[in-house]
Amino acid sequence: MELLQTERSEKQRKAAQYEGPFFYPTQCVWRKTGKKLFASAAGELAYEQIGRTRVVAGDPRASTLEKSVAVFRQFVYESNQQGFAVCGYFFSESFALNSGHVPHRCGVSRFENVKRWSLKGAGAEEARRALKKADEAKLSVFQITPENYDQFAELLETADHRWQRSKGLFRIKFLLSPFGRTLHEVKAGAEVLFCSQNPEGGIESLVSFRRYLGSTHWYVDSLMQVPGASRFALDATLVKAIQWLQSERKAEVLALGFCPGIIDEPQTWVEKLLGLWRKTRFLYSPEGLYNFKRKYSSFELPRYLLLDPNRNVLRQLSTMEAVTFALRIRLHNHEEI
């Protein structure tokens, strides 16, 4: 037991250089994804409200873990006083284990140390192959900027439309926003977008990034491969973007985002239920997403969901599902770009 605790402490110590209460990756998309904010003297957190339940969107923003926990507990207390239950997901391990709620693993986040990233060596074989295949397919990979945005706007919207049609009626949201919102942010200079274009001029893949800690830490906000695109279009676009982050922005860390359902040896029935998603292809393949991100990242950190021990578990889980999925037709008619 003492050995396991020592290993966990060492793991958390190493993770502290990549994320922390004040610069947790998903904090950079709170406002972009339309979250409500709760603020106190200790810090702030983001959440969505459905019925009598409030779903918190990952770690609060605060200067220390203790203050982060204090923000959450104050929010839970005030919400309970008003008759609301509180749950949430996408939490770090250190926060989840100290939150006072019941933690369950729900997946992992993948990271790459951009400062050490290289196209040399056995570990970069996938990246080199992606660039080779893109070259064979005569794909061009380039950055969309506020200056050239209008030139490519129609092509980008067409690519988005084709991609959405391939995904059916439902889309995943909560900490993801409609791609139209991403394009708005790119045009305003708040987000970085790379894309690949085939010889006929069509857009085949798109990758967007946001800073979440100064100029050194970056977060992958969007990954999109248009139906019918070249097999390695998205791979090549991501590799070229990582090269740019390293050379032009001197980036140190790239967070590639959440991979749901990736739970080794699930311990609770909630974890076992979530682990079933890994074996399905509902909306997309979680296993496929994980394998793609693993090719271009060197390590991962666990993510947790938190449940109120005094409230109905199934109701909390169903509420988290409700904030996660949305009908595309509803978004098309009502989203604010």
Side-chain angles (χ1 to χ4, degrees), residues 1 3-16 18-21 24-27 45-47 53 55-60 65 68-69 72 76 85-111 172 174-176 219-220 255-294 297-325:
M1 179 64 71
L3 178 61
L4 289 175
Q5 290 178 340
T6 301
E7 290 177 349
R8 173 167 286 182
S9 297
E10 178 65 13
K11 179 181 177 182
Q12 291 181 350
R13 184 191 68 77
K14 289 182 178 179
Y18 299 104
E19 59 180 9
Y24 196 64
T26 55
Q27 291 168 355
L45 59 75
Y47 69 98
T53 303
V55 183
V56 179
D59 286 25
L65 174 61
S68 185
V69 171
F72 181 74
V76 171
V86 175
C87 57
Y89 71 95
F90 213 112
F91 297 100
S92 68
E93 183 175 78
S94 57
F95 177 82
L97 298 181
N98 289 280
S99 66
H101 268 38
V102 179
H104 301 271
R105 286 173 296 161
C106 60
V108 299
S109 283
R110 295 290 306 183
F111 290 79
I172 298 174
F174 193 53
L175 284 170
L176 295 174
Y219 177 69
V220 173
L256 277 82
F258 184 47
C259 300
I262 308 301
I263 305 170
D264 293 329
E265 299 181 358
Q267 301 297 313
T268 69
W269 71 265
V270 173
E271 291 179 359
K272 292 175 182 178
L273 179 64
L274 293 171
L276 292 176
W277 194 6
R278 184 174 185 172
K279 305 180 186 300
T280 71
R281 295 186 65 88
F282 176 62
L283 296 180
Y284 64 92
S285 168
E287 187 73 30
L289 176 69
Y290 177 65
N291 289 336
F292 176 81
K293 291 184 178 181
R294 188 167 56 177
S297 55
S298 54
F299 69 98
E300 64 188 38
L301 295 172
R303 294 293 179 245
Y304 287 77
L305 64 80
L306 296 176
L307 298 174
D308 186 333
N310 301 313
R311 305 281 177 150
N312 184 280
V313 171
L314 290 177
R315 186 172 298 170
Q316 292 178 76
L317 292 175
S318 66
T319 302
M320 281 189 271
E321 180 184 21
V323 301
T324 301
F325 301 107

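No experiment lies behind these values; they were computed from the predicted model shown. All residue numbers refer to positions in the sequence shown, counting from 1. Note: hydrogens, waters and symmetry copies are ignored here, and every other heavy atom, side chains too, is used.
- When every heavy atom of Q27 is checked against every heavy atom of P60, the shortest pair comes out as NE2-O, 3.1 Å.
- E265 pairs by the side-chain contact (heavy atoms from CB on, under 4.5 Å) definition with Q267, not counting sequence neighbours.
- Between S92 and E19 the shortest heavy-atom distance is CB-OE2, 3.9 Å.
- Shown here for C87 and Q316, the closest heavy-atom pair between the two residues is CB-OE1, 3.4 Å.
- Within the model, atoms OG1 of T268 and CG of L274 stand 8.0 Å from one another, a figure rounded to the nearest 0.5 Å.
- Scored by the side-chain hydrogen bond (donor to acceptor under 3.5 Å, both in side chains) test, N291 finds R294 as partners (sequence neighbours excluded).
- At least one side-chain heavy atom of V313 sits under 4.5 Å from a side-chain heavy atom of W269.
- Considering all non-hydrogen atoms of both residues, K293 and G257 come closest at NZ-C, 3.5 Å.
- By the salt bridge (charged side-chain N to carboxylate O under 4.0 Å, His left out) test, R311 pairs with D308, sequence neighbours left out.
- Taking H104 as the reference, nothing meets the ring pair (Phe, Tyr, Trp, His ring centres under 6.0 Å) condition, with sequence neighbours excluded.
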Report task. May I have the step-by-step check of side-chain contact (heavy atoms from CB on, under 4.5 Å) for V56 and F91, ending in yes or no? Result -> CA-CA 9 Å; V56 179; F91 297 100; 3.9 Å; yes
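- Residue pairs meeting the salt bridge (Lys or Arg N to Asp or Glu O under 4.0 Å) criterion with at least one partner in residues 97-106, sequence neighbours excluded, are R105-E271.
- Between R110 and V220, the closest side-chain pair of non-hydrogen atoms is not below 4.5 Å.
- Across all non-hydrogen atoms, the minimal contact from F90 to C106 is N-SG, 4.3 Å.
- Checked against a 6.0 Å centroid threshold, the rings of F174 and Y89 count as neighbours.
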Query - Worked check of side-chain contact (heavy atoms from CB on, under 4.5 Å) between L317 and L307 - result: CA-CA 8 Å; L317 292 175; L307 298 174; 4.2 Å; yes
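- Annotation: the span from Y47 atom OH to T53 atom OG1 amounts to 12.5 Å, rounded to 0.5 Å.
- Counting all heavy atoms, side chain and backbone alike, P286 lies closest to P260 at CB-O, 3.6 Å.
- F299 has its ring centre less than 6.0 Å from the ring centre of F111.
- At least one side-chain heavy atom of P103 sits less than 4.5 Å from a side-chain heavy atom of L97.
- Under the side-chain hydrogen bond (donor to acceptor under 3.5 Å, both in side chains) criterion, Y24 pairs with R303, sequence neighbours left out.
- Listed by chain and residue number, F72, F95, H101, L306 satisfy the side-chain contact (heavy atoms from CB on, under 4.5 Å) test with S99 (two or more places apart in sequence, or in another chain).
- In this view, V108 and C259, I262, Y290, E300 satisfy the side-chain contact (heavy atoms from CB on, under 4.5 Å) rule, not counting sequence neighbours.
- With sequence neighbours excluded, no residue forms a ring pair (Phe, Tyr, Trp, His ring centres under 6.0 Å) with Y219.
- When the salt bridge (charged side-chain N to carboxylate O under 4.0 Å, His left out) test is applied to E321, no partner is found at least two apart in sequence or on another chain.
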